Amino acid sequence: MLGLHKKWCLGICVVVYGQLLINALLTTNKTWNELDWLDILGEGGTALLILLWLYFILAARPGGRVTNLMGAGLLAFFVGVFQDALDEIFHMGASTPWHSVVESVASPLGMILMTVGLYFWRQEQGVVNRQLKKREKLFRQHQLVDTVTQITELNYFKYHLRIALSAKHVKRKFTLLLLDINQFNRVNQRFGNAEGDRILHAISELIMLNLRDDDLLSRYAGDRYAILLANTIEAEANVIGQELIAAIEHFAFKTLQGERVRLAASVGLACAREDSVDSILMRAKQALALAKQQTNSSALGQLVAV
Amino acid sequence: MNSFHHERTWLELQDKFIPAHWQPAILLDLMLQHEFNSHKLLHGTSIFYDDLLDSQLCISAEQYFKFISNCRKLYPGTDLSFRYGQRLLPGTYSDYSYFLKHASSLHGAFQLLEKFGGILSPLLRPEYFIEQGRCGLIWRSGFGQTSEHVFICEAMLAATREFFRTQSGIQFPWRYELDYVEPSYMEQYEVNLGGSVSFSRAVTRMFVDSQFLHQPWPSGSDNVYLRGLQKHSSLSHQKSQDGFIYLVNKLILENIRHGIDLDWLAVELGLSPATLKRKLKRHHSQFRWLLDTARLETAVHLFKAEGFTNEQVASYLGFYDEANLRRSFKRWTGMSPSDFLSSLC
């Protein structure tokens, strides 16, 4: 990301260097005995930390209004704090009225810019959150995202399952689906494992498009996905399961070489009862195993509910 | 005891014998696919990225371990070993892969995997076994237990399972016994290995009922695979592919009845006892520990496969009496022989 911000990097260098130069030229140094090291460390350290924040913001974000506002805010804030730190090294007094102006104006200005930036960032995040909703549901923890499919991995899913199972609302039924791609090892064998990974990623996108806003999709392991259908009774879940099977069957994935890959999926379904995380997962696994058995004889996707 | 000695050769941690552009390159490709930095991946291995592409370069087990360790630390998920394993076999390792692709049954594939183990699985040697209506592979550490042991076991089990399945078109009901404790990510074992899995066993192995052993595979060719076995016998007088710990373990197992000790092993290997100790330490091993593991493995085999009684096992392994065996068993496994065996199901 930092490569996108060449202008910002240059600008920061110019500001830091310029500020140091102007101070050095227009004032006189303090002698060693006059230096208060604790103040230098405290105020100088604060200024350096603000530069570090600036680095984090630029390294993490693409360009645009929000980035520019936050960047400008932090830079102005830095100038104010840095000026404050410099009066520990240089003599400031009546001959340098600009010192107190910079010191007292730059920091508040920076705060204001930063505040405006944060305001727009919040709006932007709302948009991003809506896009991420089905992937992450309640909270964000980036360690829990699967490397291949970019959806959440099983630990996150189990965490969520535990919450759903312990919820006191008796009326709130939910259903767990396990979806497995049939004979995925053949796909890997024929098209190569890298292509297989692309397919798994594409399928996770496809499933996501077929789910509702409140559902949660996660990668179980390998070519198996776990799906939590919120507020869903078995009959509804059956329909959604069949829709997913149909979607994957009609999915015309093309390899990098342009070859069409034909895919089919099996689904195992378990409705929440008086369950623990392990017991509901176990029932869904049994259902999936049954569905896979039937698939072997019919070659079409199957759905089994337990 | 075998009094006929010939000079033994083996490979140690720092010996460079693993072709870098074969299995290590597969792991590197997999990591680069996710845009990891190749400098970070190879950090501390003294391997350079450009050299890796060179088909001449061989790396040592030590370098390979370090590389795997780097990858494990950088990769965020729990499926790296399995994904890596699924890419390993039959591979494109010149003739070796060619012969393996033409294995005409489990029997043939097991034979080839054992014979070419030094190439097809350089860190963890597969050993073909048949006992009591079961057949399969025992996986033995070539260079001692390192922190990469679990990763390498997972990779090789995934590799062979995937290979047997795609090559034969048969869904084998594998059973796995593993010599390490159960990890927290069992779903990976479920989906990537299938079958039943048990942990904390005496030795790592995978097996099925012997009825599958000679069931013919559609892609097999007896002609080609037998040529592969012949090639092996013409190669066998060349340099040994046995890792130091693999060889030590083999010698201990073969002579387990004879009340062996470190000095005996030193003579057998043509080393001084002090040098042997130092070499074992360098491979994160101890004679005592290897002997105990081998005794446990033998005892379990005798109980399960041969139907020996406590008394018979005690005398076979040279214990003074049954009580001594029970005490040792308790030390090895924390359980009495009967409890341990019933936990094996």
Side-chain angles (χ1 to χ4, degrees), chain A residues 1 141-159 161 178-198 200-201 218-226 256 266 268 277-278 281-282 284-286 288-289 292-293 295-297, chain B residues 26-36 71-92 101 154-155 157-173 183-197 218-219:
Chain A
M1 279 289 187
Q141 194 154 351
H142 60 276
Q143 297 95 327
L144 296 177
V145 173
D146 175 66
T147 323
V148 176
T149 56
Q150 304 300 319
I151 55 179
T152 57
E153 49 123 293
L154 190 63
N155 280 332
Y156 178 83
F157 188 82
K158 281 185 176 167
Y159 168 83
L161 196 55
L178 284 181
L179 183 147
D180 196 292
I181 309 300
N182 296 343
Q183 308 197 307
F184 195 70
N185 63 319
R186 297 259 171 88
V187 175
N188 273 329
Q189 186 190 15
R190 167 115 189 261
F191 301 102
N193 292 77
E195 206 61 71
D197 287 346
R198 280 188 66 227
L200 289 178
H201 188 206
S218 162
R219 188 177 187 209
Y220 186 84
D223 57 337
R224 187 171 300 179
Y225 298 86
L256 291 176
S266 303
V277 170
D278 288 335
L281 269 171
M282 184 52 76
K285 273 185 247 174
Q286 286 164 352
L288 180 64
K292 295 219 98 176
Q293 263 177 23
T295 305
N296 287 341
S297 50
Chain B
I26 293 177
L27 183 55
L28 186 69
D29 277 348
L30 176 56
M31 295 299 284
L32 292 179
Q33 195 188 316
H34 295 295
E35 291 167 13
F36 288 103
C71 294
R72 267 195 328 127
K73 281 177 192 143
L74 288 168
Y75 187 87
T78 51
D79 59 348
L80 181 64
S81 52
F82 299 96
R83 296 179 62 208
Y84 171 50
Q86 282 156 1
R87 288 157 163 77
L88 282 180
L89 295 178
T92 49
K101 266 186 233 166
E154 288 168 352
L157 293 174
T160 38
R161 187 258 190 171
E162 197 64 22
F163 167 71
F164 295 140
R165 173 161 85 134
T166 40
Q167 207 67 20
S168 67
I170 303 168
Q171 291 279 355
F172 296 107
S184 60
Y185 42 90
M186 280 309 294
E187 66 280 356
Q188 299 293 349
Y189 281 78
E190 235 171 74
V191 175
N192 292 303
L193 295 184
S196 75
V197 188
S219 54

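This structure is a prediction, so every number in the text was calculated from the model and none was measured. So you know, we letter chains A, B, ... as the sequences are listed, proteins then strands, and number each from 1.
- A:D223 touches chain B through backbone and side chain together, each having a heavy atom under 4.5 Å away.
- The line from OG1 of B:T78 to CG of A:N155 is 7.5 Å long, rounded to the nearest 0.5 Å.
- Partners of A:K285 according to the salt bridge (charged side-chain N to carboxylate O under 4.0 Å, His left out) rule, which considers only residues two or more places apart in sequence or in another chain, are B:E190.
- Note that CE of B:M31 and OG1 of A:T147 are 8.5 Å apart. Values are rounded to the nearest 0.5 Å.
- B:N192 contributes atom CG, which lies 9.5 Å from atom CZ of A:R224 (distance to the nearest 0.5 angstrom).
- In this structure, CD on B:E162 lies 7.5 Å from CG on A:N193, to the nearest 0.5 angstrom.
- For B:Q167, the side-chain hydrogen bond (donor to acceptor under 3.5 Å, both in side chains) partners two or more places apart in sequence, or in a different chain, are B:S219.
- Within the 4.5 angstrom heavy-atom criterion, no atom of B:Y185 approaches chain A.
- Both the backbone and the side chain of B:E187 come within less than 4.5 Å of a heavy atom in chain A.
- Only the side chain of A:R219 comes within less than 4.5 Å of a heavy atom in chain B; its backbone stays farther off.
- Looking only at atom types and distance, the side chain of B:Q86 has no donor-acceptor partner in the side chain of A:N188 under 3.5 Å away.
- Within the model, atoms CZ of B:R165 and CD of A:Q189 stand 10.0 Å from one another, a figure rounded to the nearest 0.5 Å.
- Residues A:V148 and B:R83 meet the side-chain proximity criterion, which asks for heavy atoms closer than 4.5 Å.
- The environment of CZ in B:R72 is crowded: more than 12 heavy-atom neighbours from other residues, nucleotides or ligands sit within 6.0 Å.
- Within the 4.5 Å cutoff, the side chain of B:Q33 has heavy atoms near those of the A:D197 side chain.
- Rounding to the nearest 0.5 Å places NZ of A:K292 at 8.0 Å from CD of B:Q171.
- For A:M282, the CE atom sits in a loose shell: 12 or fewer heavy atoms of surrounding residues, nucleotides or ligands are nearer than 6.0 Å.
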